[in-house]
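Below you'll find the structure, written out as structure tokens, and then a few comments.
The figures here come from the full heavy-atom set of this structure, side chains too, leaving out hydrogens, waters and symmetry mates. To find a chain, count down the sequence lines: A is the first, B the second, and so on, and within it residues start at 1.
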There are 2 protein chains.
Amino acid sequence: MDTPLSFQDIKDAHNRIRPFINQTPVLTSNSLNAWVGAELFLKCENLQKIGAFKIRGATNAALCLSAEEKKNGIATHSSGNHAQAIALAAQNLGVKAYVVMPDNSPTVKVNAVRGYGAEIIFCTPDISARETTLDKVIKDTGAAFIHPFNNYRIIAGQATASKELLEEVRKLDALIAPIGGGGLMSGTCLTVHYLSPSVSVFGSEPKAVDDAYRSWKSGTLQKNETTKSIADGLLTNLGDKTFAIIKDHVKDIFTVSEEEIVAAMHFVWERMKIIIEPSSAVAIAAVKQQKEVFQNMKVGVIITGGNVDLAKLPFKTVPPSPGHRQSALDFLSIQPE
Amino acid sequence: MDTPLSFQDIKDAHNRIRPFINQTPVLTSNSLNAWVGAELFLKCENLQKIGAFKIRGATNAALCLSAEEKKNGIATHSSGNHAQAIALAAQNLGVKAYVVMPDNSPTVKVNAVRGYGAEIIFCTPDISARETTLDKVIKDTGAAFIHPFNNYRIIAGQATASKELLEEVRKLDALIAPIGGGGLMSGTCLTVHYLSPSVSVFGSEPKAVDDAYRSWKSGTLQKNETTKSIADGLLTNLGDKTFAIIKDHVKDIFTVSEEEIVAAMHFVWERMKIIIEPSSAVAIAAVKQQKEVFQNMKVGVIITGGNVDLAKLPFKTVPPSPGHRQSALDFLSIQPE
């Protein structure tokens, strides 16, 4: 394979970012295994700094900049986990961060980015406004742009999640991750290629935003036609750098429905007591769906993050049944504020 | 102290139950520390088998029974975590479990107990019916009764949670746990007494069910007047065995409001991405409330469990503001079923 990243690059990235990240735990669950019909090893990046794996790539990319390149700070556009990752990476490095966010971003996300000391520049919520605004910010400030995924330093950083998993669990048959822009997926491909080439690598996507599936099938980059999925980390299209790697290394990509995503998310919350975001549930839903592929296999799953708005959960609420004793939770909900 | 449990008893309990429990992780969070003004080390028994520490005591008590004592199975009354703990402990030992539950118990809990193979005997939801029904079950079946907390084998089992914490984190200034029937709290007291006597031990309770606080203050066993707290694991009264230990060892007990409990629970879910039940949030709320006591201390916190009904969460839901872009989560909630 003609790849611009060697295993040494990934090892260097890991050593570089180690002081700034958590070595996240790998969790297992008998009840989850019974539910999906395979033995899962969850690499819990929801328990990572900023609640998502994105801090790995952002930190690596920021640390790779020269003193001259980063003296005016770093900049990006994102309303998601990459925004928080860039903000915290900049704070750790003692440089400024500029984050372009749509002006209708949820307050919880705006506050999180601001909480890490970043300067937020709002734009109208469309791609051209985002790019124009970012260009202007870079021109005005001289900050260095760090792309969320189509960047080899980002890919090398994200590759360290599967590196930790493969170093901790040495007996995996397969590894699966969700695909958004492809930074995590392409990094995962490279780690497996260099470290454990016998492990089969699978991707997973919501059916509603299946650009990676269609790109992989057709061999040419495809775009999503909507952004209508609950898996808000996976709405973006692949980049050319990430696709080139994914194309060569992924064994198959499975797509799942919105209902399958919510069911997997609910199962993990209820039984494993960890909060995973819908994008992470996509990978688990895919394993459950593809019973013939994964039956009795030992499968590593990258749990990408846990950033969800607790005020807007997709779980059905049930009214108390008639004659149902008032529970403690009922009690509080009828208290005056 | 004249205690019926030696440190050897606790070590024996630990060795006995080890094959049946998880060594749960100790998690930390910079944002939680900033929020409460102390350095917290969360012993995550929400990630324990059955989602709560109760499996420790139940397993120890079941394993201590002679072949003759357990040949007809084990029995208890509980609608909470002890019910699941007895059910799983019995399954692990290959004996029958009989669990008396109120006939209005939430389906999710009934299913969980049944899922571990226990036989459920329903009764009307009051104390006298519960005791009469349990007596009849024991008479009819010859099963051995295992009390949820007022039992030294249970206390020795629960003591192993703080034993693991103190063995992993050797620099604690204080340790705090919530108090229900007192099995966990009294076990925690004994572990600290034997292993790290310089560590201050604190209890925490909902204001609404503060029998332990009033018992500790007055020196005589008090009872709760209501069971109206969201902390559904802490509604019960202390037992004489647990109170005798708590009385001698706890430095102070702090009581918190329902609002403080929900705020602490929300913070941990949102920032740490782990699901903790309201009873666990009580201890964190107490640390936050008592800033002068805990300021800059290293505080161990026993996170008792994560069993909550996801269909009945106490978090406020916010309607989308006017002009707010439809988010992915909004999208799913308007899908037809």
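Around the NZ atom of A:Lys207, the shell of radius 6.0 Å holds more than 12 heavy atoms that belong to other residues, nucleotides or ligands.
For a residue to count as touching a neighbouring chain, one of its non-hydrogen atoms must lie under 4.5 Å from one of that chain's; by this rule B:Asn307 touches chain A with backbone and side chain alike.
Separating the OG1 atom in B:Thr28 from the CG atom in A:Asn22 is a distance of 7.0 Å, to the nearest 0.5 Å. Distance CD1/A:Ile274 to CD1/B:Ile275: 8.5 Å, rounded to 0.5 Å. Residue A:Ser31 holds its OG atom at 12.0 Å from CD1 of B:Ile50, rounded to the nearest 0.5 Å. With values rounded to the nearest 0.5 angstrom, B:Met265 atom CE is found 9.5 Å from A:Leu310 atom CG.
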Exercise for the section: Report the C-alpha separation of A:Asp309 and B:Glu270 in whole Å, then their side-chain angles, then the decisive distance to 0.1 Å, and conclude whether the side chain to side chain contact (heavy atoms under 4.5 Å, CB included) test is met. Expected result: CA-CA 8 Å; A:Asp309 187 344; B:Glu270 183 169 281; 5.7 Å; no
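The minimum heavy-atom distance linking A:Leu47 with B:Met272 is given by the pair CD2-O, 3.3 Å.
B:Lys273 contributes a side-chain N or O that, together with a main-chain N or O of A:Gly306, makes up a donor-acceptor pair within less than 3.5 Å.
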